[in-house]
Trainee: 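Structure below; questions to follow.
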Amino acid sequence: MSLFQQRLLAEGVRTVEGDYPTLDSPSLGKAGAEFETLLLQRAQHLDGQLQISGLFSHFKALTKKLFILLSVLVLLLGASSVQQLFFSEQGTQINFFWAFVLFFIPNLFALFFWLLLFLHPRLLSGGWLARLSLFLLKTVEKRLNPQSTQHAHFWALYRCYFKINLSGAIGRYQLSYMTHLLWLSYFCGATLMLVIMLATHQVDFIWQTSILSLNDFQGLTQLLAYIPDLLGLAVPTPEQIQQSHLGAVSGLVDAQNSRLVWSSLLISSLLIYGLLPRFLLLLLMEFLLTKKKRKFSLNFSNPYYVQLRLQLVPNVTSLGISDPDSSQKNAFAPGRYSAIAGAQLPSSFYPVAIELSAAQLIECTKHVTQYAPDNIKYLKHICDFQSQQFLLNELLTIESQAIVLYVSLSRVPDRGLLAFINSLTQVTAQPFYLLLMDNGQMQAAQASQRHSDWYTLAAQANIMLENVIQFKSNQYPEGR
Amino acid sequence: MNKNSLSVAVVGHANAGKTSLMRTLLRDTEFGDVADQAGTTRHVEGSALVIDESNSLALFDTPGLEDSIRLQHILSRYFTDKSVDGIERLHYFLAHIADYPEFEQEAKVLRALLSSDLIFYVIDLREPVLGKYRDELQILSYAAKPIIPVLNFTAQGGDNLAQWKAQLARLNFHALVSFDNVHFNFSDEIKIYQKMQTLLADKESLLQKFIVQRQCQWEERFHAASEIVANLFIESACVRFKTANTDQEVEQTTLKLQQVVRKAENRAVRQLLKLYQFRKEDLANSQLPVEQDGWQLDLFSVDNLQEFGIKLTSDIAKGAGLGVAIDLVTAGMTLGAAAFTGGVAGALWGVKKRYYEEIEAKIKGCRYIALNDVTLQVLWLRQLKLLDLFQKRGHASFDKIDYQVSNSGHLLPKNWSKWLRQLRSHPNWSSLNKNMREAEDSKRQLFADKISSEIVNGLTKL
């Protein structure tokens, strides 16, 4: 399978899958492989399941058959047009230049028209010719091959195949190839028939005019005969050209010679100016088509391929767990607690602020001033090891009824905090209160979660849950 | 890991957003466990961002440092009789970890620190600078590895920024980066890698390659997404359903149109979700408010006439070509006359091809139902909003994506009206219609590319 066919197959798979890759990618030899290599491997693997390449081969054969059919028809058309135009009556005369014009002017027009379309790529591959070809192929397929449409994705793949082969650069060359093939067939048919008819019929070649002079025709004929003459083919001499003028009298021997050279000129002109250029263009188009097919690439910026790349060449690989959790011991494991109605603050308490922001500390100070003004002098902000140690030592000496710990509700209680509060509750038998400072800016779900976390901490640090008190204040900003 | 690879330990206090950072950098909504509480991650888990077949950037998520105050105290008590570097303290601690079972999580972090090339220290900017964070930074500095402080939750914690910057500067951490996991900004991610380049001079070229690769992947995804939106817009603007001109028929056809367009939008949204690797559950339920409108073709509109003029010219050319073909069949006998007739026939064919359905509908008393301008504007703005949200969403975000738009303050592209007129002249471009022509796909693709570029340019400027 050529690279073009493999890429075509990948497009076929894309057509079947739709917007994004839905089929499982088989395990492919991934080590260092490029995305396209993997993509083509995947397509080939999925082909077994989707039967796409068989269908594409069928489309290729269909195209080939249609080309052959059209070529044969055009060949017959070329042959019949020669027969009808020049040999409809016995012993007729052929107006050489009229014959030449009838053959070459349409060809010249068609060639010019093709060139015009060829130089404007989208006109040829995206227009009526492509649609006509599609229509013909579809009609043939529907009428002659009803079984093949049983494939679940037949028409989708049909569109995919011919969209690639009849559009874009490939379509441009494919349709050009077809055009030249048909004209070549036409000229082949015409030349063959002309040779046969000239071999079996006797015709006289004449030329006639109402407005042109003898010199004009002589010049034109010599111009036309220039290349055949160079190739050593028999061409009319100036005398023979003069003698072929309508009404000119010539001897029997001269007439035979004249017929021979004019026939030679007509056949060689047909070959050199009609058949040969089309044949060369056909070869050129075939060469360009092959080249274009080799260069045909998939559009990897398409969303489908962007996603497939992530699947086939993932830019992330898991390294797994390298240092697993072997023990749940000492973990701060929050449970689920709902906020309960807290007890009242005691009339006198020892205030401790733990890990508060500057704004929260101001609020805390205000609160202590309001509820335990006598103890404001004892307020400590605990936020490092030294202050922790200082507090632990001081708790041994204080005589307050209770100890109130001011904490921020929004702060996530952690194992370090739990260990510290645990050490506080162990150092003294005084009751502890946990005052949760809430600025009311947390979302309900988050506040509920945080309440639960603090209740868990209280439970683990031997603080009675009734002693967990809410303190709502809107004074300090969001932060923690 | 390969010796050419880079390994980075992502560390920080509990609930600072380490796993969220991992998810965002890996574009993986499933990596690790994310919860709004301490101790969610309890092991070291790694994933590698592939640079090429032999190089990668390995990221290791670690448990939170929850008790740095006591840990620092323990570390500071070692070697009181002699002067040693911090790294010796860490090694000594790890050698005697059996004496500190309560520091099992911290030990995992320290092991990850020592085995990595670089450290990302994730800071929850909503937090004030507390003693425990200072101790964490002190411990990290013992590892003797380059550290990049990553400031998370920058949107909510802006007030603490100056305080944190000052504190980090005191400890000689100057290469800090703002990186909000929720309000994601790709340029911030690139800044992280650029800081890594600065700190790891010997890996500069490798990191440069990685940066280029990440940017390519980002742009590729953005372009692919804009292509999805452009295609949806074309599909929806070109769709039209023929119906008999009775109230009942119009109502039924309108319903059908609404269903078809909503389905197309859902399909596009699914594609975008897949492309951006977000979960279906991330989306807030949002349905396109489709309005119906009987769109009438204005034969005399400038655009239509222009379009008609262009088509006419090219059809004359094609018709003339056909004339030549006729001449060929009759061997040139009718040359000239056939070419002229072909030209006229080509022009008439062009008229028929483009307006036959409209004229036929008019004669039969039918009409076409298409989306009105307002609905298309809503569709356009919703998709643009969604795309913008996806571009700025981290993979750790749990907020619902709501792409409903209000009717004010939105700017439409300057070519909006022209686009609509052009699109409505091509009903065959919408696969939602039955008569879409595959062969005209190239023209449609060109138009889609134009819209896609407009989307990319528009959103990039935002």
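Computation of the quantities below employed the complete heavy-atom set of this structure, encompassing side-chain atoms and omitting hydrogens, waters and symmetry-equivalent molecules.
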Trainee: If you count heavy-atom pairs under 4.5 Å between each of A/V74, A/N315, A/N302 and chain B, which one has the most?
Mentor: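 With the most close heavy-atom pairs to chain B, the winner is A/N315.
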Trainee: Nearest 0.5 Å, please: how far is CG in B/D124 from CZ in A/R411?
Mentor: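 Spacing of CZ (A/R411) from CG (B/D124) equals 9.0 Å.
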Trainee: Do A/L319 and B/F60 have side-chain heavy atoms sitting under 4.5 Å apart?
Mentor: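 Yes, side chains in contact.
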Trainee: Counting neighbours of CZ on B/F398 that are heavy atoms of other residues, nucleotides or ligands and sit closer than 6.0 Å, is the number greater than 12?
Mentor: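 More than 12 within 6.0 Å, yes.
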Trainee: Is any side-chain heavy atom of B/R27 closer than 4.5 Å to one of A/V316?
Mentor: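 With C-beta onward as the side chain, the pair stays apart.
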Trainee: Considering residues at least two apart in sequence or located in another chain, which fulfil the salt bridge (charged side-chain N to carboxylate O under 4.0 Å, His left out) criterion with B/E219?
Mentor: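 If we apply the salt bridge (charged side-chain N to carboxylate O under 4.0 Å, His left out) test to B/E219, skipping adjacent residues, there are no hits.
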Trainee: Need one label for A/F385: side chain, backbone, both or neither, based on atoms under 4.5 Å from any heavy atom in chain B.
Mentor: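 Both backbone and side chain.
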Trainee: First locate atom OG of A/S318, then atom CD of B/E45, and finally report the distance between them rounded to the nearest 0.5 Å.
Mentor: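 Reported to 0.5 Å precision, the distance equals 6.0 Å.
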Trainee: Return the CZ to CG distance between A/F420 and B/D67, rounded to the nearest 0.5 Å.
Mentor: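 It comes to 11.0 Å.
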Trainee: With chain B as the partner, which of A/C383, A/S301, A/G320 has the greatest number of non-hydrogen pairs under 4.5 Å?
Mentor: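 Going by pairs under 4.5 Å, I would pick A/G320.
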Trainee: Find out whether A/Q307 and B/R221 are in side-chain contact, i.e. whether some heavy atom of one side chain is under 4.5 Å from a heavy atom of the other.
Mentor: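 They are not in contact (no side-chain heavy atoms under 4.5 Å apart), so the answer is no.
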Trainee: How long is the span from the CD atom in A/E355 to the CD1 atom in B/I69, to the nearest 0.5 Å?
Mentor: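 That separation rounds to 6.0 Å.
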Trainee: Give the minimum heavy-atom separation between B/V50 and A/T317, together with the two atoms involved.
Mentor: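 In terms of heavy atoms, the two residues are closest at CG2-CG2, 4.1 Å.
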Trainee: Name the region of A/Q388, side chain, backbone, both or neither, that has any atom closer than 4.5 Å to a heavy atom of chain B.
Mentor: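 For A/Q388, the side chain is the part near chain B, not the backbone.
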Trainee: Using a 4.5 angstrom heavy-atom cutoff, name the option from B/G46, B/G131, B/A268 with the most pairs to chain A.
Mentor: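 Of B/G46, B/G131, B/A268, B/G46 has the most heavy-atom pairs under 4.5 Å with chain A.
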Trainee: Please report the shortest heavy-atom distance between B/E227 and A/P303, naming the atom on each side.
Mentor: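 Reported closest heavy-atom pair: OE2-CD, 3.8 Å.
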Trainee: Non-hydrogen atoms of chain A under 4.5 Å away: do they reach the side chain of B/H73, the backbone, both or neither?
Mentor: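 Only the side chain of B/H73 comes within 4.5 Å of chain A.
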Trainee: If you round to the nearest 0.5 Å, how far is CG of A/N299 from CD of B/Q445?
Mentor: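 Reported value, rounded in 0.5 Å steps: 7.5 Å.
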Trainee: How many angstroms lie between atom CG of A/D19 and atom CZ of B/R267, to the nearest 0.5 angstrom?
Mentor: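 Those atoms lie 3.5 Å apart.
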Trainee: Measuring heavy-atom distances to chain A, does B/Q72 have an atom under 4.5 Å in its side chain, in its backbone, in both, or in neither?
Mentor: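 Interface part for B/Q72: neither.
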Trainee: Any carboxylate oxygen within less than 4.0 angstrom of a Lys/Arg side-chain nitrogen, looking at B/E220 and A/R309?
Mentor: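 Here B/E220 pairs with A/R309 in a salt bridge, since their nearest N and O are under 4.0 Å apart.
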Trainee: In terms of heavy-atom pairs under 4.5 Å with chain B, which of A/I382, A/V82, A/I321, A/L417 leads?
Mentor: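 Heavy-atom pairs under 4.5 Å are most numerous for A/I321.
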Trainee: State plainly whether the residues A/D414 and B/K132 are in salt-bridge range, i.e. N to O under 4.0 Å.
Mentor: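 Between B/K132 and A/D414 there is a salt bridge, with a charged N closer than 4.0 Å to a carboxylate O.
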Trainee: With a 4.5 angstrom heavy-atom cut-off, could you sort out which part of B/R214 is near chain A: side chain, backbone, both or neither?
Mentor: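 Just the side chain, heavy atoms under 4.5 Å.
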Trainee: I need the minimum non-hydrogen distance between B/R126 and A/Q446, along with the two atoms involved.
Mentor: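 Answer, listing the atom of B/R126 first, then A/Q446: NH1-NE2, 4.5 Å.
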Trainee: Looking at B/Q217, B/R70, B/R270, which one has more heavy-atom pairs under 4.5 Å with chain A than the rest?
Mentor: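 Answer, by heavy-atom pair count under 4.5 Å with chain A: B/Q217.
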